[in-house]
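Worksheet: the structure to be examined is printed underneath.
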Protein chains: 2
Amino acid sequence: MRKIHIIGLGLLGGSFGLGARQKFPEISITGHDSNPQNLKDALTLGIITEAKETPDADTDLVILATPADTLGELLLQTLDQVGENTLIFDVGSTKAKLCALMAGHPKRRQYLAAHPIAGTEYSGPKAAFADLLDRKVMIICELEKTDLHLKEKAYKLFDALNLKLRFMDPEEHDRHLAFVSHLSHASSFMLGQTVLQKMKDDKNIFDMAGSGFASTVRLAKSSPAMWAPIFVENKENVLAALDGYIQNLTDFRNKIAADDTKGLYDEMAEINKIRDILDLGK
Amino acid sequence: MRKIHIIGLGLLGGSFGLGARQKFPEISITGHDSNPQNLKDALTLGIITEAKETPDADTDLVILATPADTLGELLLQTLDQVGENTLIFDVGSTKAKLCALMAGHPKRRQYLAAHPIAGTEYSGPKAAFADLLDRKVMIICELEKTDLHLKEKAYKLFDALNLKLRFMDPEEHDRHLAFVSHLSHASSFMLGQTVLQKMKDDKNIFDMAGSGFASTVRLAKSSPAMWAPIFVENKENVLAALDGYIQNLTDFRNKIAADDTKGLYDEMAEINKIRDILDLGK
């Protein structure tokens, strides 16, 4: 492996660049970002060794790390630019639409549908760090549709970065992520919204460390440019998750309104089982 | 100050005990918990030096740290047991009902309405630690209704524990906490509920580190015995907060349903201002 090209040099693309440079210092890492400041920062921070709008035809790996709603067109375009020994993978948070788009594409075997479960509430190249992906889960979809030899190039990088591979159908991925990740972000953003609205009338703010608010609202600092497209791209599943959530909140508020302390206790005691779920993957 | 008595030896009562013993090793700290195992653990862990059901009449400070719906009766009862040089303070998460209950009470000046903004998602004496209260905010309500000299006993302890005092009306406290703390807990419990329900059909769990879920659902591990009474005791404010939250979630889901990427982007960009709010107290 001699050449990697990264399109989209934000938190995730940037962390792939920094991680790859650390593990394979001899490799040439080129890249592009449509935001000139991001591109400049990526060069300064050493995320890429050279700015280049399109990958060389003999690039080994191309990583697509732009917002979810731009990946389809970018993938088609990039497949046209590369030679037959290039593997392209994307790191988008939704997978079903991309896999459907690629079904039957003459270069389907040069594409790997991937999604690393890694991120922070910060964004842009300055938020990137080499260890972001260390020991995180990397979900791969439609593994069998990618060329065996080309896939090895991606695996070499994934192994070096300590990613733990998991395999899923794209539909299963999108359904699962809607509940686990996308719903968490929506709930956190709306928590922030509700408190901000209240604070318009009620300015008495104090240090909220310890209140539970800071950790619950953390994801509301996330990038709108990343998240707005995810919610729309995964609309069907996100709406199912949100509707279930709103129903649960409504039932819970009705128990409070009815002074049903025992009902609230029983429900929360049942939900405490989430401890086991959180430990399952460990 | 020679004697402290603590009723309720869980996370908060236990941490007051451990903190007080560390700062004032010469003081006698007695205490009680209606759960025999908690009482035994509190002795083993050194939270109290002696188990005692009621405080001695010459106790300097009594700390009430039981669930929110038990505090009113316990406070009235304890005021009957202590001499005139004892100050009693509670650490409950709701303050308006207690202050209303105490209005006009002949021993009103021996009571201080307090609420430390400190906790973790764990509960019981084993979850207690001496530094839990270090540099946390301690809200005091109706400060002027407490005897000046007796108050000094509490301040001596609060200062030693590095608590930062803030003063509020009890109604303002309950309104504010409903939005900042109680809503966070409800939103986190219902997030846990929604994901647990989904997982009944969909068993494919993976390590969710990095998905944002773990931090957002953390508070769903909290104690139902503590939280069910808080929601009911602060019903009016909690319902206002929950109704605002449900409305915001509904508006957000409708933007997603309408493919309104720009509307979602604009709303989330506005909510990103929560960063400044979170930094305000610092």
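All figures in this text were calculated on a predicted structure; none of them were measured in a lab. Residue numbers begin at 1 in each chain, while the letters A, B, ... track the order of the sequences.
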So which of [options] has the largest heavy-atom pair count under 4.5 angstrom toward chain A?
options	answer
B/L196, B/T250, B/V217	B/L196
B/L239, B/V238, B/T120, B/L219	B/L239
B/A228, B/G263, B/P224	B/P224

Relative to chain B, which segment of [X] carries a heavy atom at a distance below 4.5 Å: side chain, backbone, both, or neither?
X	result
A/L242	side chain
A/S222	backbone
A/D251	neither
A/R253	both
A/I271	both
A/A241	backbone

If we define contacts as heavy-atom pairs under 4.5 Å, which of [options] has the most with chain B?
options	result
A/R218, A/K255, A/E270	A/R218
A/V232, A/D260, A/L264	A/V232
A/I246, A/L132, A/D69	A/I246
A/S215, A/P229, A/G244	A/S215
A/A269, A/A186, A/A257, A/G192	A/A257

For B/I139, the option from B/K164, B/M168, B/E172 that meets side-chain contact (heavy atoms from CB on, under 4.5 Å) = B/M168
A/D90 and A/K95: which non-hydrogen atoms are nearest, and at how many Å?
-> OD2-NZ, 2.8 Å
Nearest atoms (heavy-atom pairs only) where B/G119 meets B/L11 | CA-CD2, 3.9 Å
Set of residues satisfying side-chain contact (heavy atoms from CB on, under 4.5 Å) with respect to A/N38, sequence neighbours excluded = A/D33, A/N35, A/P125
Interface moiety of [X] toward chain A, non-hydrogen atoms closer than 4.5 Å:
X	result
B/D266	neither
B/Q197	side chain
B/E236	neither

Decide yes or no on side chain to side chain donor-acceptor pair (under 3.5 Å) for A/N234 and A/T94, but give the supporting numbers first.
-> CA-CA 6 Å; A/N234 198 20; A/T94 61; over 6 Å; no
Kindly indicate, with the supporting measurements, whether the criterion side chain to side chain donor-acceptor pair (under 3.5 Å) is fulfilled by B/D134 and B/N162.
-> CA-CA 5 Å; B/D134 187 54; B/N162 282 325; 2.7 Å; yes
Under 3.5 Å donor-acceptor, A/T194 side chain and A/M190 backbone = yes
Should the heavy atoms of other residues, nucleotides or ligands under 6.0 Å from NZ of B/K126 be counted, would the total exceed 12?
-> no
Residue pairs involving residues 221-265 of chain B (criterion ring pair (Phe, Tyr, Trp, His ring centres under 6.0 Å); sequence neighbours excluded) = A/F231-B/F252, A/F252-B/F231, B/H182-B/W227, B/H185-B/W227, B/W227-B/F231
Please confirm whether B/F129 and B/Y122 have ring centers closer than 6.0 angstrom.
-> no
Run the numbers on B/R166 and B/I140 for side-chain contact (heavy atoms from CB on, under 4.5 Å), then give the verdict.
-> CA-CA 6 Å; B/R166 298 289 180 275; B/I140 307 281; over 6 Å; no
